[in-house]
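The block underneath contains the structure these notes are about, expressed in structure tokens.
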Amino acid sequence: MRPNIVTEAGLQTRVGQWWESIPFLTSAVVVVCGVIYLVCLLIGYDSFYEICFLPTAVVSHFQVYRIYTSIFFHGSLLHVLFNMLALVPLGSELERIMGSIRLAYLIILLATTNAIFHLFIALLVAHNPFHPYQYLLDECAIGFSGILFSMIVIETSLSGVQSRSVFGLFNVPAKWYAFILLVAFQLLMTNVSLLGHLCGILSGFAYTYGLFNFLMPGASSFSAIEASSWLSSCVRRPKFILCTGGSPTSYIPTYSGQNTTSSGLLSGNIWRNLSSWMPQRETSAQAGQDFRFPGSGRALGSGQSETVPAVNSDSNLQARLLDNSNPNRSSHLGVTATREPPLDGRRSVVDNAVGATPGHPALHQDSAPSEEQIQKLVSMGFDKTQVEVAISAADGDLNVAVEILMSQQG
């Protein structure tokens, strides 16, 4: 077997694989924001005062459309580039856990609550009896960063870690992580909306503490949306992740223990994350489950074998991963979330790979990769090109192929 056979691809191939690993909604937001910026650049549009979030315009003229138009427009190339690079790991992580439709609803909810907090604070500061300050009412804010700060808070709460790394320079307590980033960006960058970012943090904490529970529809509502005909073309896409919900006793994929820091874009070694062109995660089990983060699963973050407790008695990780389930219910790469318990009596493909049973002969190691083998691993979220190479390198052994693919994610 050739060493590092899956990592021999060129830059163009690795970029393509990185893009294919991004779930449906996250990649859609990146495309929309990028296209909007390019169109504005080509036609010379710079009248952001017409579409930005302007508290005075929202209050006096009831221009509520600004709440949503402002998040998709960016003022410069660095602005849109940095926001989208930050969105990819954060949005991908949350989308794999929540599902595409649920995350879309969450983004709309966060945009709305961010604006409400922004308006409330701006009006409070402008009309306080001690020292009225009008500037916040006239501040014109654009960009996706307010929602990114909300996602940072939600993802940090979900991870369960005790500390986070700020740009790989130093560690801070996890509960202060978003506030440290808020101060750092305010000091390092010009024309940054302090209030917009602060409201994003407040919305994130409000969500994690359950204050928005009454605004979150149930899993049946999201399933009904996914079953609608007008969304069928999106649901059929391989990167689309279904919102299948989860039981209150199920487990969610998390980062590793208390002394481990996240490897996301906003923490850890940023240059290593960019150069690898692949999302990287380190994971361990987190006891307890909140229905705001449905699903059960295990993150394929390293080559080490770390099992996550499951509700059912099926403790064989590879057997669960290679189970003949619906391909659309498997998340893409980084985190594999099994949102429905496996049905009794359903035979795992691993049984075929390990040994022969009556009527079901074992796989031959010297046989070429079959389309069925490839599809089984692709349905787990791995890239098809990597799957074909890994199966060939493993001489048709699916167990070894899975280990190869898992080690490439480490």
Side-chain angles (χ1 to χ4, degrees), residues 26 82-83 85-98 103 106-107 110 113-114 117 144-188 192 194 196-213 251-273 279-295 297-299 301-302 306 308-309 334-335 337:
T26 304
F82 187 84
N83 278 359
L85 286 177
L87 171 65
V88 167
L90 289 171
S92 298
E93 182 83 3
L94 294 178
E95 185 172 354
R96 289 166 184 144
I97 297 172
M98 298 180 177
L103 181 61
L106 178 62
I107 290 176
L110 292 175
T113 55
N114 287 0
F117 282 127
F144 205 80
S145 53
I147 294 178
L148 287 176
F149 270 87
S150 299
M151 288 183 170
I152 290 172
V153 174
I154 296 172
E155 194 273 341
T156 301
S157 174
L158 172 65
S159 69
V161 297
Q162 298 300 312
S163 64
R164 303 298 293 264
S165 175
V166 179
F167 305 116
L169 301 177
F170 55 91
N171 292 337
V172 297
K175 62 182 179 180
W176 298 109
Y177 177 63
F179 293 103
I180 297 298
L181 289 180
L182 174 69
V183 175
F185 289 143
Q186 198 67 30
L187 295 176
L188 297 176
V192 174
L194 174 64
H197 293 171
L198 177 61
C199 293
I201 294 176
L202 295 178
S203 292
F205 277 113
Y207 178 84
T208 57
Y209 281 105
L211 300 182
F212 298 157
N213 287 352
Y251 291 84
I252 57 177
T254 66
Y255 291 97
S256 56
Q258 297 181 354
N259 297 324
T260 305
T261 57
S262 170
S263 61
L265 184 65
L266 290 178
S267 61
N269 192 329
I270 184 173
W271 302 115
R272 179 182 179 184
N273 196 20
Q280 301 178 7
R281 290 290 184 269
E282 294 181 352
T283 64
S284 73
Q286 173 182 333
Q289 166 71 19
D290 195 302
F291 68 89
R292 298 189 302 277
F293 307 111
R298 175 188 186 274
S302 64
E306 296 178 352
V308 175
V335 177

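Considering CG of Leu148 and CD of Glu155, their distance stands at 12.0 Å, rounded to 0.5 Å. Here CG of Leu182 is found 9.5 Å from CG of Leu187. Values are rounded to the nearest 0.5 Å. Within the model, atoms SG of Cys199 and CG of Leu194 stand 9.0 Å from one another, a figure rounded to the nearest 0.5 Å. Distance check: Leu94 CG to Leu87 CG gives 9.5 Å after rounding to the nearest 0.5 Å.
For Phe205, the ring-ring contact (aromatic ring centres under 6.0 Å, His included) partners at least two apart in sequence or on another chain are Phe179. In this view, Ala206 and Leu211, Phe212 satisfy the side chain to side chain contact (heavy atoms under 4.5 Å, CB included) rule, not counting sequence neighbours. Evaluation of the side chain to side chain contact (heavy atoms under 4.5 Å, CB included) rule for Ser203 yields Leu110, Thr113, Asn114, Phe117, Ser150 as partners, not counting sequence neighbours. With sequence neighbours excluded, the residues that form a side chain to side chain contact (heavy atoms under 4.5 Å, CB included) with Val192 are Gln186, Met189, His197.
Tested against Glu95 for a side chain to side chain contact (heavy atoms under 4.5 Å, CB included), the candidates Leu106, Leu90, Leu103 yield a single pass: Leu103.
Annotation: side chain of Val172 is in contact with side chain of Phe170 (closest heavy-atom distance under 4.5 Å). Side chains of Phe167 and Leu181 form a contact here, defined as non-hydrogen atoms less than 4.5 Å apart. By the 4.5 Å heavy-atom criterion applied to side chains, Arg164 and Thr156 are counted as neighbours.
Remark: the backbone N or O of Pro173 is not paired with any side-chain donor or acceptor of Ser163 at under 3.5 angstrom.
Nearest approach of Ile154 to Thr208, heavy atoms of both residues: CA-CG2, 3.7 Å.
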Chi angles and distances behind the ring pair (Phe, Tyr, Trp, His ring centres under 6.0 Å) call for Phe144, Phe149: CA-CA 9 Å; Phe144 205 80; Phe149 270 87; over 10 Å; no

